[in-house]
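All values below come from the heavy atoms of this structure, side chains included, with hydrogens, waters and symmetry mates left out. The first residue of the sequence shown is numbered 1, and numbering continues consecutively from there. In each ligand, atom 1 is the first atom listed, and ligand 1 is the first ligand listed. Quick caveat, the model's predicted, so the values are computed rather than measured.
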Amino acid sequence: MTTSCRVCAADIAKPSYEASPPALTSMMAFVDIPTLAFVCRACGHAQCADLPDIETFYDTTYRISLESDDHDQIFAVDADGKPIFRTDHQAAVGLRLLDLPQGASVLDYGAAKADTLRKMGTARPDIRPHVFDVSNDYRPAWKSFVAEEDQASYTVPDAWQGRFQAIISHFVIEHVAAPVAFLKNLRDLLAPGGRLLLSMPDVAANPGDMTVADHLNHFSIPSLKKAFALSGFTVETIDSDAFPGAFFAVAMRSEEPVATEVDSAEVARAVEMAEDICAFWKVATARLDRSAAKFSGRRAAVYGSGFYGSWIHSRIAKDVDLSVFLDQNPKLHGSSHFGRPVIAPASLAGDVDLLFVGLNPLKARAIIGSLPALNRPGLDIVWIDE
Ligand SMILES: [Zn+2]
């Protein structure tokens, strides 16, 4: 099966990772398609296959953070074990990187509930917030802080062309089938000199991202630079430290054509990294299937109710006696995931003697090692990378 690169349009001869249906989405839903990951040798981009009926998926299926007012995705745990929530951090980074002029018009593109923009406005009451998303579901959340004429669903009003001093778009571009066209559209919404702040997963720092079915793009630094150049932006910052497992990028609208050559050594490194991750997933899938068979009938828990934990559940639930999910996010305690309770790690019952670790393998051992309740005799631990 061939495809073409979503960034540079080069041909890609075959997938580097392939798994049978169903595929798992970022919202932990299963879709009846195979998982296919491709790597572009020309620009270092990695990508998944198209989703069927993508418009309907985002309009009616993909409802981020709508369950409750204070539901927010945890993205890190600080030194005292206290969770840090995603939109607080995004708001702080946005204010730091965008250098917003007084009274700036700021658009949150793909806003969902627009918590990030709302929090930026609390710190900077002078800015004029605007919101856009491909759904009407978020309008009740927008009402409290965005003027009616500054809200848009499905279509961006013509009057918004060239309007904005800044656009923020957090964790949107990874979902977009045509990222260069997406960026050109954002460029045209900016005023001359306006800046775009994008965030997106960094697959090198979080290899699970490679197999998330609705993450059609897995950017590398060279493929992100290429996408910005092709769409008329000058890159100012690509930061992979501000946010664990993600890139934050700031680029300015350019009035001149931007050079689009790639650094071939940088591309080669990105290709190697992406191929390694695809190879990792092949091995990890086979290994997890073997573990499930080996521990058949054992009373088990899965650590993590995010993507890794959900993926593990999908492969082991028919073999082992899965009793609970463990998660450090206190907002999830008392909820259920695939019909199993989500509880704090310290609350794990003594009769559970098998633990599957559903965490980013680059961080899993440090996290589990820091939790005394999970380091007890008689609790066997299964890691996805060994
Ligand atoms: Zn490419």
Side-chain angles (χ1 to χ4, degrees), residues 1-19 23 26 33-51 54 110 169 171-188 196 198-240 245-251 253-254 257-282:
M1 169 189 274
T2 64
T3 190
S4 57
C5 176
R6 297 185 190 279
V7 171
C8 76
D11 287 336
I12 307 176
K14 60 174 180 25
S16 295
Y17 175 72
E18 199 167 353
S26 57
I33 55 169
T35 305
L36 297 172
F38 298 86
V39 180
C40 174
R41 300 193 160 267
C43 76
H45 195 58
Q47 61 190 46
C48 283
D50 287 343
L51 276 182
I54 195 165
S169 185
F171 298 101
V172 174
I173 196 169
E174 66 270 25
H175 298 276
V176 170
V180 173
F182 171 84
L183 289 174
K184 281 183 178 162
N185 177 33
L186 296 188
R187 184 208 167 271
D188 294 343
L196 170 63
L198 286 181
S199 60
M200 72 206 77
D202 173 5
V203 69
N206 186 11
D209 192 68
M210 189 65 88
T211 65
V212 177
D214 54 320
H215 288 184
L216 305 186
N217 298 292
H218 313 289
F219 281 93
S220 62
I221 288 175
S223 75
L224 185 55
K225 286 180 181 168
K226 180 87 177 177
F228 275 133
L230 288 169
S231 52
F233 281 99
T234 309
V235 175
E236 294 190 332
T237 312
I238 297 179
D239 181 331
S240 54
F247 290 124
F248 264 101
V250 178
R253 168 177 157 144
S254 173
V258 181
T260 61
E261 295 82 36
V262 295
D263 173 339
S264 56
E266 193 174 55
V267 169
R269 284 196 300 277
V271 168
E272 190 185 349
M273 176 274 296
E275 294 287 4
D276 284 351
I277 292 170
C278 289
F280 161 78
W281 277 102
K282 247 183 248 178

Flag the pair His215 / His175 as yes when their ring centroid distance falls below 6.0 Å, and as no otherwise. yes

Distance from Glu261 atom CD to Lys225 atom NZ, nearest 0.5 Å? 12.5 Å

To the nearest 0.5 Å, what is the distance between CG on Asp214 and CG on Asp50? 12.5 Å

Just to be sure I understand the site: which N, O or S atoms from the protein are less than 2.8 Å away from the Zn ion (ligand 1)? Cys5 SG, Cys8 SG, Cys40 SG, Cys43 SG

Output yes when Asp263 and Arg269 qualify as a salt bridge under the 4.0 Å nitrogen-oxygen rule, no when they do not. no

Ion pair check, Arg41 and Glu272, cut-off under 4.0 Å: no

Is the closest basic N to carboxylate O distance between Glu18 and Lys282 below 4.0 Å? no

